[in-house]
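For the numbers below, each heavy atom of this structure counts, side chains included, while hydrogens, waters and symmetry mates do not.
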Amino acid sequence: AASGLFANNYQEMDKKRENDYQRERDEILRNTESLLRRKPRKGKSGSFRGSKHFVSTLDSGLKDEYVIPMFDVTWGPALAVFSTVIESANGTMGALLSIATDNEIESAAENAAEATEVCLDGFSLAIRIAALCGNDTARCAYVHALSNFSLLGSGRLLEHRHIRCVQALLELGLYDGELLGSSWEYIFKALSEVSRLNQVYEEGAKYARAELAAKAREKKKREAEAKRAAEVLERGDSS
């Protein structure tokens, strides 16, 4: 009876999720259709939104007035999806870790790493598109979220996904710095925190090396004393 109750509960939850997904999908389609049917506002230059231009779209045939409204509709839901996946992609399987086999744990870690990479690609592409479309709100939201996922300055233990977020931030500054605008502050914060962590590591490594050297000298000293004591004993036995 209990198993049947749980089964019915899961079925109801799945049905509710499916209905919510379908409702959200229909709403996105209606909003997109409404935006695409809206006549573009042309400025002096004759382009959508005045002086804002998008990248060349010769391959797809899309025009500026299509790309920008489509991105305006999709960037928010996409950010929510990417954030949820990265937040949950820890590869530990949660409560199932205690009963999972080694192969299952390894597979979960691989899946989490792959999901993280897909989301980071989405972050990078969305930041570029937002910058080229002139959508400063979307660009700042994505860069800010990426900075939060790096956990830099939080004092918490960094996992693989957090380190990849740090690397993604630094790569944005390296390859797409001209598109970041005011979002550079998050890149500078990441650089500052990485530099601080490197200094902490160097200090720790220096003290560790000094401690190892001191232990090595102490060991040699004890070995020399033991050798002299053995020589004294041998001379005493021979006499």
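- No hydrogens or angles considered: a donor-acceptor pair under 3.5 Å links the side chains of Arg164 and Gln167.
- Through direct or indirect side-chain contacts shorter than 4.5 Å among Ile, Leu, Val, Met, Phe, Trp and Tyr, Tyr175 is connected to Leu174.
- The environment of Glu18 atom CD is sparse: at most 12 non-hydrogen atoms of other residues, nucleotides or ligands sit within 6.0 angstrom.
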*Could you walk me through whether Asp136 and Ser182 pass the side chain to side chain contact (heavy atoms under 4.5 Å, CB included) test, one step at a time?*
CA-CA 9 Å; Asp136 295 341; Ser182 60; over 6 Å; no
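- Using a distance-only test at 3.5 Å, with no hydrogens or angles considered, no donor-acceptor pair links the side chain of Asp176 to the main chain of Leu179.
- Taken from SG in Cys119 to CD in Glu114, the straight-line distance is 12.0 Å, to the nearest 0.5 Å.
- Of the candidates Lys16, Gln22, Arg17, Asp20 forms a side-chain hydrogen bond (donor to acceptor under 3.5 Å, both in side chains) with just one, namely Lys16.
- Counting heavy-atom neighbours within 6.0 Å of Glu24 CD, excluding the residue itself, gives a total of 12 or less.
- In this structure, the separation between CZ on Arg128 and CG on Leu132 is 9.5 Å, given to the nearest 0.5 Å.
- When atom types are taken as modelled, the side chain of Ser88 and the backbone of Val85 share a donor-acceptor pair closer than 3.5 angstrom.
- Trp184 places a side-chain N or O within donor-acceptor distance of the main-chain N or O of Gly177, the cut-off being under 3.5 Å.
- Between Lys215 and Glu218, the closest side-chain pair of non-hydrogen atoms is not below 4.5 Å.
- Taking the six-membered ring where the residue is Trp, Tyr142 and Phe123 present perpendicular rings, their angle passing 60° and hence far from 30°.
- The backbone N or O of Asn103 sits nowhere less than 3.5 Å from a side-chain atom of Ser107 that would complete a donor-acceptor pair.
- The two residues Ala190 and Leu152 come nearest to each other via the heavy atoms CA-CD1, 3.7 Å.
- Judged by distance alone, with hydrogens and angles left aside, the side-chain atoms of His144 form no donor-acceptor pair with the main-chain N or O of Ala141 at under 3.5 Å.
- Partners of Phe149 by ring-ring contact (aromatic ring centres under 6.0 Å, His included), not counting sequence neighbours: none found.
- A salt bridge does not link Glu193 to Lys189: none of the charged side-chain nitrogens sits closer than 4.0 Å to a carboxylate oxygen.
- Atom-to-atom distance recorded for Leu191:CG and Asn198:CG is 12.0 Å, nearest 0.5 angstrom.
- Distance check: Phe82 CZ to Thr116 OG1 gives 12.5 Å after rounding to the nearest 0.5 Å.
- Hydrophobic clustering (ILVMFWY, side-chain heavy atoms < 4.5 Å, transitive): Ile163 and Leu197 are in one cluster.
- Taken to the nearest 0.5 Å, the CG atom of Asp72 stands 9.5 Å off from the OG1 atom of Thr137.
- To the nearest 0.5 Å, atom CD1 of residue Ile187 and atom CD of residue Glu171 are 10.5 Å apart.
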*What's the verdict on side chain to side chain contact (heavy atoms under 4.5 Å, CB included) for Trp75 and Asn135, showing C-alpha distance, side-chain angles and the deciding distance?*
CA-CA 10 Å; Trp75 75 263; Asn135 193 332; 3.7 Å; yes
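- Ser195 places no side-chain N or O within 3.5 Å of a backbone atom of Ser192 that could act as its donor or acceptor partner.
- With contacts defined as side-chain heavy-atom distances shorter than 4.5 Å, the pair Leu151/Val166 does not qualify.
- Contact record, Ile86 with Arg161: O-NH1, 2.8 Å, taken as the closest heavy-atom pair.
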*Assess whether side chain to side chain donor-acceptor pair (under 3.5 Å) is satisfied between Ser183 and Arg139, documenting all intermediate values.*
CA-CA 8 Å; Ser183 299; Arg139 184 201 64 208; 3.1 Å; yes
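- Remark: side-chain polar atoms of Ser147 are not paired, donor with acceptor, to backbone N or O of Val143 under 3.5 angstrom.
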